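Accompanying notes for the structure given below.
Quick caveat, the model's predicted, so the values are computed rather than measured.
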Amino acid sequence: MLLGVLAVNAQRNVAWVHGLDGDASSWENYNEIFDNERKINSLRTSYNTDNGINNAGNQVRSAMNSFGNGAKNASNIGIGHSMGGLMIRDVDRTTTASNKVFGGYITVTSPNYGAPISNSLLDGSVTAAAQNACNKIADGPLAQVFSLPWGIVSNLATNTLCKKFIDNDLVQTLQGTPVTNADLRVGSPTINAINNYNSSLPRISMWGEETSPVHWRMFGSTLNNNDSSLLGPINSGRGVYHGFYVYNTSLAVVTGVAGFWNPFLWGLTATYTYRATQWKKGRNWIDDSENIWSSLIKTTRREAQKYWTNTWIPCAYPPRIEVQQKTAERLPPDEDCGEWKWVQRTRYVSVNYPSDGLLPQYTQELQGIPNDNKYKVEGANHIEVRDMRSSSQGDITRLRFNQIFDRAPGDFFRTAKN
C-alpha cells in the first residue's frame, strides 16, 4: 500500500534509458511531455553501450545512485527502449533486494529474449544478403550498357538499397559493437542470465507492430526520422526496373519475330532477352525484399495448413481390361472403377510474426507478467516508437504511456497528474 501512496501522491523519479543506437536525446519528447503533465522528476542521460549489457547496466545504477533521492526509492520507475530495457533488467538482477534502484520498470520494444538479427549478423547471413541485394540491383543498369539518365536508378543502385537496406554499417549501428552484439544474440549467456532471474518487481512491456513494408518504414525512420520517407523512392525505383524489363522484353519479341526475315536481328533478340532478365532480377528483389528481411530478423515461420481437394480415388481391385486400356490412352477415369472424393491434405505456408521492423513480437513481450501488463503500440517501428509525433497512426506511444500512468488506484505505475 505504501508503494501505491507514493506512486499516486509523490513526485516520483523516472529514468528514461536509451538503447544502443540512442543517447540522452532519445526520450526527450516523452520526457518533456510527462514532466509537464505528471508528478515526475526525470533522469535522462547518455550511456556507453559499446561494452555489453552488464557494463551499460552498471552505468544506469551509478546514475540512479547519483540522482538526488534516486537510490533505493521504492517508487522509482525505469523506462528502457530496446537494449535499455535489458540494462534495467540486468540492474534488477544484479542488485540485492535492499539496494534496488527501481521499484518497477517498463521495457519498450526490447529484445527481452535476444535479438535474432544479432544471430544473423554473427553467422554471416546479413553479409550474404547485402551482397545479393547489391548484385541484383546493379545487374539491370550494368546490362543496359549505357549511362541511364534516371537519378532514381543510380540512387537505388548505390545508396538506398545496397548501402542502406541491409548494409552491415547500418545494421551494425542498430546492433552495436561485436561485444554488445554477442550479448544481444538469442541464447547468449547474458540474455539467459537475465531471463533466469525471477524478478519480483512490477513489470510492463510495450511492443511495437509496424505496418508493411516493415523494413522500408524502419529504415526510413532510422535515416530520415520519417517512416514513409523511403516508400516513394522505392516504388518509383520498382517502376523503373519493371519498365525496363517490359521494354527489353518487348524488343526481344519484336526482333525475334523480325529475325525470320532478317536473321541478323536474332543476335539483338539475345541481347534484349539478357537485359530483360537482369532488370527482372532487381524488380523481383524489391518485391521480395520484405521477406528477405523477415528471414534475417526471424519473423518468418513455416506453418502446416490443412486443405480439402476433390481427388479421384481408383477402385481397390484391379480394373477390367478395357479400364486398363483407357488409362493407358490417358482417357477420363472409368466411373465404374473408382470415385471422386474430398480428401484432406497438408501444405506448408510461410507466416510472418508481427514485428517492429527489427524485433519480433515474441522477443519484445515479457513473459510471466499479466496480459494487461503488455501494451501494443500500433504502427510503430523500432526507432519511431521513441517519438511518434509525426506518425500517420497518431501518437500511440504517448497514448500507451498515459494508459499506464492512469492505471487503477493502488497500481504501482499509477502516476498523478500535475
Side-chain angles (χ1 to χ4, degrees), residues 1-19 22 26-44 60 64 70 73-82 84-89 91-92 100-110 112 199-209 354 356 359 361 363-382 384-389 391 393-418:
M1 183 60 69
L2 176 60
L3 289 181
V5 172
L6 284 171
V8 173
N9 297 323
Q11 186 174 39
R12 66 194 311 183
N13 300 316
V14 175
W16 301 86
V17 182
H18 67 77
S26 297
W27 279 119
E28 182 177 5
N29 177 51
Y30 296 119
N31 170 188
E32 293 181 350
I33 287 174
F34 293 112
D35 272 7
N36 291 327
E37 294 181 355
R38 304 278 174 170
K39 293 185 181 298
I40 282 176
N41 182 30
S42 290
L43 168 68
R44 181 165 50 85
V60 173
M64 289 301 294
N73 190 323
S75 70
N76 290 350
I77 299 178
I79 299 176
H81 171 251
S82 190
L86 290 172
M87 290 151 61
I88 292 172
R89 293 184 64 200
V91 171
D92 178 26
K100 296 291 185 187
V101 294
F102 296 113
Y105 58 81
I106 303 169
T107 66
V108 182
T109 61
S110 294
N112 287 300
S199 177
S200 60
L201 299 184
R203 293 160 291 157
I204 282 176
S205 63
M206 292 171 60
W207 65 279
E209 181 179 14
D356 65 357
L359 299 174
Q361 174 189 356
T363 195
Q364 296 182 60
E365 275 193 319
L366 277 171
Q367 303 303 312
I369 62 175
N371 284 333
D372 59 4
N373 282 24
K374 302 174 183 179
Y375 289 78
K376 177 182 176 181
V377 186
E378 296 90 346
N381 64 57
H382 191 74
E384 183 185 27
V385 71
R386 301 177 305 192
D387 188 346
M388 293 190 74
R389 283 176 294 180
S391 173
Q393 307 277 340
D395 197 340
I396 307 299
T397 301
R398 181 177 181 178
L399 174 63
R400 296 292 176 253
F401 275 131
N402 273 317
Q403 290 173 337
I404 291 169
F405 294 144
D406 288 334
R407 284 165 69 99
D411 185 275
F412 172 81
F413 294 100
R414 185 176 176 87
T415 302
K417 295 181 179 180
N418 284 329

What's the spacing between [X] [atom1] and [Y] [atom2] if we round to 0.5 Å?
X: Arg89; Y: Thr107; atom1: CZ; atom2: OG1; value: 7.0 Å
X: Lys39; Y: Ser75; atom1: NZ; atom2: OG; value: 13.0 Å
X: Arg386; Y: His18; atom1: CZ; atom2: NE2; value: 9.5 Å
X: Leu359; Y: Thr109; atom1: CG; atom2: OG1; value: 6.5 Å
X: Leu399; Y: Gln393; atom1: CG; atom2: CD; value: 12.0 Å
X: Asp395; Y: Phe401; atom1: CG; atom2: CZ; value: 10.0 Å

Would Asn112 and Glu365 count as a side chain to side chain contact (heavy atoms under 4.5 Å, CB included) if you check the C-alpha gap in whole Å, the side-chain angles of each, and the deciding distance to 0.1 Å? CA-CA 7 Å; Asn112 287 300; Glu365 275 193 319; over 6 Å; no
Measure across [X] and [Y] and return the closest heavy-atom pair with its distance rounded to 0.1 Å.
X: Gly80; Y: Ile88; result: N-CD1, 3.5 Å
X: Phe412; Y: Asn76; result: CZ-O, 3.5 Å
X: Gly103; Y: Leu201; result: O-CD2, 3.6 Å
X: Ser110; Y: Ser82; result: OG-O, 2.7 Å
X: Glu384; Y: Gly379; result: OE1-O, 3.0 Å

List for me each residue that meets salt bridge (Lys or Arg N to Asp or Glu O under 4.0 Å) alongside [X], sequence neighbours excluded, and say none if there are none.
X: Asp387; answer: Arg389
X: Glu378; answer: Arg400
X: Glu37; answer: Arg398
X: Asp406; answer: Arg38

Set of residues satisfying ring pair (Phe, Tyr, Trp, His ring centres under 6.0 Å) with respect to Tyr375, sequence neighbours excluded: none
Tell me, please, which residues at least two apart from Tyr105 pass ring pair (Phe, Tyr, Trp, His ring centres under 6.0 Å). none
Flag, side chain of Gln11 to backbone of Ile40, donor-acceptor distance under 3.5 Å: yes
Is a side-chain donor or acceptor of Asn418 paired with a backbone partner of Asp35 at a separation under 3.5 angstrom? yes
Pairwise side-chain contact, [X] with [Y], heavy-atom cut-off 4.5 Å (strictly under):
X: Val108; Y: Ile79; value: yes
X: Ile77; Y: Phe413; value: yes
X: Arg414; Y: Pro409; value: yes
X: Glu209; Y: Gln361; value: no
X: Trp207; Y: Thr363; value: no
X: Thr397; Y: Met206; value: yes
X: Lys374; Y: Leu366; value: no

Assess whether side chain to side chain contact (heavy atoms under 4.5 Å, CB included) is satisfied between Val377 and Met388, documenting all intermediate values. CA-CA 10 Å; Val377 186; Met388 293 190 74; 3.6 Å; yes
Side-chain donor-acceptor contact under 3.5 Å, Thr415 with Arg12: yes
Plane angle bin for Trp27 and His81 - parallel if under 30°, tilted between 30 and 60°, otherwise perpendicular: perpendicular
